[in-house]
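These notes are about the structure you will find just below.
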Amino acid sequence: MLIGKGDYVNRLSKKSLRVYVNGERVENFVEHPNIKPIIDSIGLTYELAQADEYRELTTAHSQFIDEPVNRFLHIYTTKEDLLARLKLARFYSQRLATCNYRCVGSDALNALYTVTYEMDEALGTEYHKRLVEYIKYAQRNDLALSGALTDVKGDRSKKPHEQDDMYLKIVEKRSDGIVVKGAKAHQSGAVAVDETIVMPTIALKEEDKAYAVAFAVPAGAEGLIYVMQNNAFEAKRREDGEWEFGNPYGVRGTCLMIFDNVFIPWERVFMCEEYKYAAPLVGNFANIHRYVGSGCKAGFIDTIIGAAELMADYNGVLNASHIQAKITEMIRGCEGCYACALAAGYEAQQTKSGVWLPHGLYSNVSKLLGFTAIGDAIVYLADIAGGICVTCPSERDLKNPEIGRYIEHYLRGREDVPTEARMKVIKFIEYWMAGPHEGGAVHGGGSPITPNLFIKRLANVKEKVELVKELLKL
Ligand SMILES: Cc1cc2nc3c(=O)[nH]c(=O)nc-3n(C[C@H](O)[C@H](O)[C@H](O)COP(=O)(O)OP(=O)(O)OC[C@H]3O[C@@H](n4cnc5c(N)ncnc54)[C@H](O)[C@@H]3O)c2cc1C
């Protein structure tokens, strides 16, 4: 089923969540200025799934319920599905210039689909059957899902069992389900979704089997607490004008999600103590998410390039050779990352479960190309925009009857471009300069060392040594 943005927001507003923003409990969370932009971003994924011109990309035909569903809830049982998923990520990043908040949940479903299949086959468990029933439920109700992997981890040198629930764990197994305790960090959009898919964050050994747990939890389940990142700056800036913040969809909104003894019924549990399967689950997720994340970065860079080009044009320097050289560099970084992800999609392998997984080496390389490209693009953007990208007066100054005419005059670029248009672009550039996206690009899908380790392992360097030996007759 496909529901509209209004249905999604109505459903969300009926939920009772324990949400804290900047030290205060928030009752009407859907209207809160730090949360509403997240809802608007997710809302666009509902709106554009109903727009005829985009439907081919934004929806897919479900193999489970034989109906069109939002592509974020689709399982990739064809290579075309997997490629469309990458294109979807770029498509939404281009239109939001922030997170769409549905990627992690989508990628978690697909990773679980492969690993639950393997578990059922080898262990005679029922996880895959449960997951398929859950996917049908999610598709029939067009649920927005977030994905929670990242544990708070405490002392990173210690294993999960050597610390006090710094990794989410099973604290009780009952006849009707399990009880879990712990906290997941940096949860993109979790405060504005219907349900969260929870998985482990690292490979686990037997002594850590209590941490080998995967499940779906509805928003607002008893014991769940959401503590928002402090976006006070954004909220304040929004009060300062219609476009003062720069991006109408806001910064990337995340929260700390605390599980204070949360009960999960068995039908929603997709892994319970099968520690040997934590590594393939995390590995498959990382592979998919790094692949999809490259589409996301490319879409972000598209908006950065667009802003750089506009600013140069408004400043009358668009055709300067060094400006065009920088814009070309931005395009190179963007398309290099995206092309590498496309290669991962074209070289994908189908698993026994039917799901297609991206080519691991290329997906990991694309993640690293993506974070370098976005970092470089932000630096080039600052260069092209000039110092005004961090020193601009406000929308209110422009609208102030006493000083507005000065701002209008002195913040003008080319004479035929209204100052307001130039200031809007400056604010959008400021958003990229000062926002959390660089941090997101570095750590999203895992800190750079993890893809690097995969790359070294998957690249088969020994084969390259043999090639040289063969060539030189060594
Ligand atoms: C904007 C944003 C959105 C995100 N959204 C989500 C989301 O929706 N869902 C989700 O589950 N996660 C999300 N993440 C989390 C992301 O996956 C993590 O940030 C990433 O895995 C790194 O974990 P960390 O932040 O705990 O950093 P850390 O693990 O603390 O890493 C910091 C540094 O320490 C190093 N390090 C860590 N452990 C060790 C060790 N044992 N030995 C040696 N070095 C070590 C790392 O390599 C890195 O250089 C998001 C992150 C960001 C920034």
Side-chain angles (χ1 to χ4, degrees), residues 37-38 41-42 72 89 93 96-109 111-112 144-160 162-163 166-168 182-193 195-205 208 211 213-217 219 226-231 234 249-259 278 281-283 285-290 292-293 296-297 300 364 367-368 370-371 374-375 431-432 434-455:
I38 304 176
S41 303
I42 298 177
F72 285 110
S93 289
L96 292 166
T98 187
C99 193
N100 66 64
Y101 303 107
R102 293 180 78 177
C103 281
V104 190
S106 171
D107 301 345
L109 280 188
L112 275 166
L145 304 178
S146 67
L149 284 90
T150 311
D151 291 289
V152 287
K153 295 184 287 207
D155 181 340
R156 272 72 173 152
S157 70
K158 291 188 173 159
K159 298 205 173 93
E162 293 169 339
Q163 303 189 67
M166 299 311 271
Y167 291 74
L168 185 125
K184 295 285 188 181
H186 327 299
Q187 294 305 299
S188 296
V191 75
V193 293
E195 306 218 353
T196 297
I197 310 294
V198 179
M199 289 175 26
T201 197
I202 48 166
L204 299 165
K205 296 219 166 104
D208 284 322
Y211 303 85
V213 62
F215 55 87
V217 62
Y226 305 80
V227 187
M228 289 295 294
Q229 76 188 51
N230 188 359
N231 288 355
E234 174 186 356
Y249 289 104
V251 293
R252 187 181 178 132
T254 68
C255 64
L256 175 70
M257 202 172 168
I258 299 168
F259 293 71
L281 183 55
V282 175
F285 170 84
N287 182 3
I288 299 169
H289 196 58
R290 288 171 193 160
V292 167
C296 167
K297 300 301 162 300
F300 287 163
N364 280 285
K367 141 91 195 186
L368 294 179
F371 103 77
I374 199 166
Y431 157 81
W432 278 113
H437 286 286
E438 178 61 8
V442 173
H443 290 292
S447 309
I449 187 64
T450 38
N452 267 317
L453 292 173
F454 273 100
I455 288 170

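This structure is a prediction, so every number in the text was calculated from the model and none was measured. Remember, it's 1-based here, ligands and their atoms both numbered in the order they're listed.
Protein heavy atoms all stay at least 4.0 Å away from atom 43 (C) of ligand 1. Remark: atom 33 (C) of ligand 1 lies closer than 4.0 Å to no protein heavy atom. Checking atom 21 (O) of ligand 1 against the protein gives a heavy-atom contact under 4.0 Å. Protein heavy atoms come within 4.0 Å of atom 9 (N) of ligand 1.
Put simply, the side chain of L145 does not reach to within 4.5 Å of the side chain of F72, judged on heavy atoms. Annotation: side chain of D151 is not in contact with side chain of I202 (no heavy-atom distance under 4.5 Å). Between R290 and T450, some side-chain heavy-atom pair lies under the 4.5 Å cut-off. F285 has its side chain out of reach of I197: every pair of non-hydrogen atoms, C-beta onward, lies at least 4.5 Å apart.
T150 OG1, 3.1 Å is the protein heavy atom nearest to atom 15 (C) of ligand 1. Protein heavy atom nearest atom 2 (C) of ligand 1, with residue, atom name and distance: R252 NE, 3.8 Å. Ranking the protein heavy atoms by distance from atom 18 (C) of ligand 1 puts H443 O, 3.7 Å first. With respect to atom 36 (N) of ligand 1, the closest heavy atom belonging to the protein is R156 CG, 4.7 Å.
Here the shortest heavy-atom pairing between S146 and T196 reads OG-OG1, 2.8 Å.
A distance-only check finds a donor-acceptor pair linking the side chain of Y431 to the backbone of A97 [under 3.5 Å]. Checked by atom type and distance alone, the side chain of Q229 pairs as donor or acceptor with a backbone atom of T254 at under 3.5 Å. Counting only distance, with no hydrogens or angles, the side chain of E162 and the backbone of P160 share no donor-acceptor pair below 3.5 Å. One N or O on the side chain of K184 and one on the backbone of M199 form a donor-acceptor pair closer than 3.5 Å.
Shown in contact with G147 at under 4.0 Å from a heavy atom are these atoms of ligand 1, numbered in order with element: 7 (C), 8 (O), 9 (N), 10 (C), 11 (O). Annotation for ligand 1: atoms under 4.0 Å from non-hydrogen atoms of L149 are 10 (C), 11 (O). Those atoms of ligand 1 that come under 4.0 Å of a heavy atom in K153, given as number and element, are 23 (O), 24 (P), 26 (O), 29 (O). Taking a cut-off of under 4.0 Å to the non-hydrogen atoms of G446, the atoms of ligand 1 that pass are 17 (O), 21 (O).
In terms of N/O distances under 3.5 Å, ligand 1 is not approached by T254. Looking at ligand 1, you won't find any N or O of V104 less than 3.5 Å from one of its N or O atoms. Here's the thing with D151: none of its N/O atoms is less than 3.5 angstrom from an N/O atom of ligand 1. Between A148 and ligand 1, a contact under 3.5 Å exists for no N or O pair. The shortest N or O to N or O distance between H186 and ligand 1 is below 3.5 Å.
Here K184 has no heavy atoms under 4.0 Å from ligand 1, in either its backbone or its side chain. Here I449 has side-chain heavy atoms under 4.0 Å from ligand 1, and that is the only part of it that gets that close.
Note on residues 441-454: no pairs pass salt bridge (charged side-chain N to carboxylate O under 4.0 Å, His left out), not counting sequence neighbours.
When the ring-ring contact (aromatic ring centres under 6.0 Å, His included) test is applied to F259, no partner is found at least two apart in sequence or on another chain.
Among G189, S447, S188, the residue whose heavy atom sits closest to atom 3 (C) of ligand 1 is S188.
Atom NZ of K205 has 12 or fewer heavy atoms from other residues, nucleotides or ligands within 6.0 Å.
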